[in-house]
Amino acid sequence: MSEKEKKEKVPEEKVENKPEKGTDEVEKLKKECEEWKKKFQTAEENFEKADKEKEEWKNRYYETYADISNLRKQVQRENDDFKKYASQSLVEELIPTLDSFDMAVKNKPTDPALSNYFEGFNMIHKKLLYTLKQLSVVIIDPEIGSEYNPHEMQAYSTIDGEEDNKVAEVFTKGYRLHDHLLRPAGVIVTQKKQEEKKEEKASNDSKEESK
């Protein structure tokens, strides 16, 4: 082969090799693209998973926060109730003593020598009642003729009267601490006579018929 032919041959070989090299580059790029595509999909899946976990932890956080908040409120209520009704057992123990005071001060002594003792005794009674009021104790002392309230009173018996369910006499006072009824007031209530009720019913029936 002459030198001229060799020189002409070289370019032909180079031209033939160029397409093979280009094909390799394309294949390489395709592989890289596939790898990047897989990495992107994996990253996207991880992101979605992380976003889902974030929402789950967020919900858990709010649930835990709500539970702690409710627990704190419950503890606060229990603490407030404890302070509010801490004196209840003491007041209940004092009620029989208060009844004795009430019975003692009903009749003022006529003997002048006992008047000073009575006044001192009455003063102690008033101070005791004042102290109980400072502890939020409400004394239930119904007035004669007032309406009978079954939520704060207990009727020991009934007597004849012009109207039903009116307080005729108070035996014992009642006591309430805040919204806790410690003891209802013991009372006697009025009740109309059966004859009067019958006459009243007959009168009402007659009025209805006339209409």
Visitor: Check D164 against Q191 and note the closest heavy-atom contact, atom names and distance.
Guide: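 The answer is OD1-CA, 3.3 Å.
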Visitor: Which residues satisfy the side-chain hydrogen bond (donor to acceptor under 3.5 Å, both in side chains) test with D99, sequence neighbours excluded?
Guide: R183
Visitor: What's the separation between atom CG in L182 and atom CZ in R176, rounded to the nearest 0.5 Å?
Guide: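 Going from the CG atom of L182 to the CZ atom of R176 covers 9.5 Å.
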Visitor: So do N149 and I140 actually touch side chain to side chain, heavy atoms under 4.5 Å?
Guide: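 No. Closest side-chain heavy atoms not under 4.5 Å.
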Visitor: When you measure from the side chain of S69 to the backbone of Y65, do you find a donor-acceptor pair of N or O atoms at a distance under 3.5 Å?
Guide: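 Side chain of S69 to backbone of Y65, a donor-acceptor pair under 3.5 Å: no, none is there.
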Visitor: Testing the basics here: between E163 and T190, what is the closest heavy-atom pair and its distance to 0.1 Å?
Guide: O-OG1, 2.6 Å
Visitor: Nearest 0.5 angstrom please: E63 CD to D67 CG, how far?
Guide: 7.5 Å
Visitor: Heavy-atom count around F121 CZ within 6.0 Å, excluding the residue itself: above 12?
Guide: yes
Visitor: Rounded at 0.5 Å granularity, tell me how far NE2 in H151 sits from CG in L181.
Guide: 11.0 Å
Visitor: Please walk me through it: do Q74 and E78 pass side chain to side chain donor-acceptor pair (under 3.5 Å)?
Guide: CA-CA 6 Å; Q74 181 181 350; E78 291 176 355; 3.3 Å; yes
Visitor: Which residue in the set H125, E119, K127, K126 passes side-chain contact (heavy atoms from CB on, under 4.5 Å) when paired with M123?
Guide: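 So the option named by the test is K127.
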Visitor: Determine whether I159 and M153 fall in the same hydrophobic cluster, where Ile, Leu, Val, Met, Phe, Trp and Tyr are linked whenever their side-chain heavy atoms lie under 4.5 Å apart.
Guide: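 No, no single cluster joins them.
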Visitor: Using 0.5 Å steps for rounding, measure from the CZ atom of F171 to the CD atom of Q154.
Guide: 12.0 Å
Visitor: Check whether any side-chain N or O of N46 sits under 3.5 Å from a backbone N or O of T42 as a donor-acceptor pair, and report yes or no.
Guide: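 Checked: pair present.
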Visitor: I want to check something: taking the side chain as every heavy atom from C-beta on, are L132 and L98 in contact at a cut-off of under 4.5 Å?
Guide: yes
Visitor: To the nearest 0.5 Å, how far apart are OG in S146 and CG in N165?
Guide: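 So the OG of S146 and the CG of N165 are separated by 11.0 Å.
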Visitor: What about I95 and L129, same hydrophobic cluster or not, with Ile/Leu/Val/Met/Phe/Trp/Tyr joined at side-chain heavy-atom distances under 4.5 Å?
Guide: yes
Visitor: Using the rule that Ile, Leu, Val, Met, Phe, Trp and Tyr join whenever any side-chain heavy atoms are under 4.5 Å apart, tell me whether L94 and V138 fall into a single cluster.
Guide: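 No, because L94 and V138 fall into different hydrophobic clusters, even though each may have its own neighbours under 4.5 Å.
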Visitor: Answer whether the closest heavy-atom distance between the side chains of P184 and E152 falls below 4.5 Å.
Guide: no
Visitor: Parallel, tilted or perpendicular, judged at 30° and 60°: which one describes the rings of Y85 and H180?
Guide: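 Judged by the thresholds at 30° and 60°, the geometry between Y85 and H180 is parallel.
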Visitor: Rounded to the nearest 0.5 Å, what separation is found between the OG atom of S87 and the CG atom of L177?
Guide: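 Answer for the OG-CG pair, S87 versus L177, is 5.0 Å.
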Visitor: List the steps and the verdict of side-chain contact (heavy atoms from CB on, under 4.5 Å) for Y148 and I188.
Guide: CA-CA 9 Å; Y148 171 69; I188 293 177; over 6 Å; no
Visitor: Do the side chains of E169 and V189 get nearer than 4.5 Å, heavy atoms only?
Guide: no
Visitor: For E143 versus V167, what's the shortest heavy-atom pair and its separation?
Guide: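 Nearest heavy atoms, E143 then V167: O-CB, 3.7 Å.
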Visitor: Taking all atoms of both residues into account, what is the closest heavy-atom pair of F118 and K108, and its distance?
Guide: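 Closest approach of F118 to K108, heavy atoms only: CE2-CG, 3.7 Å.
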Visitor: Would I124 and L128 count as a side-chain contact (heavy atoms from CB on, under 4.5 Å) if you check the C-alpha gap in whole Å, the side-chain angles of each, and the deciding distance to 0.1 Å?
Guide: CA-CA 6 Å; I124 294 172; L128 180 57; 5.5 Å; no
Visitor: Is there a chain of hydrophobic side chains (I, L, V, M, F, W, Y, each step under 4.5 Å between heavy atoms) that links I139 to V105?
Guide: yes
Visitor: Should E147 and K166 count as an ion pair when the cut-off is N to O under 4.0 Å?
Guide: yes
Visitor: Between N59 and E55, does any side-chain donor sit less than 3.5 Å from a side-chain acceptor?
Guide: no
Visitor: Is any side-chain heavy atom of T172 closer than 4.5 Å to a side-chain heavy atom of Y156?
Guide: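 The answer is yes; the side chains approach within 4.5 Å.
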Visitor: Under the criterion salt bridge (Lys or Arg N to Asp or Glu O under 4.0 Å), I'd like the reasoning laid out for K173 against D102: C-alpha separation, chi angles, the key distance, then a yes or no.
Guide: CA-CA 9 Å; K173 296 177 182 177; D102 290 334; 3.4 Å; yes
Visitor: Considering all heavy atoms of both residues, which atom of P142 and which atom of V187 are nearest to each other, and what is their separation?
Guide: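 Looking at all heavy atoms of both residues, the shortest contact is CG-CG1, 4.2 Å.
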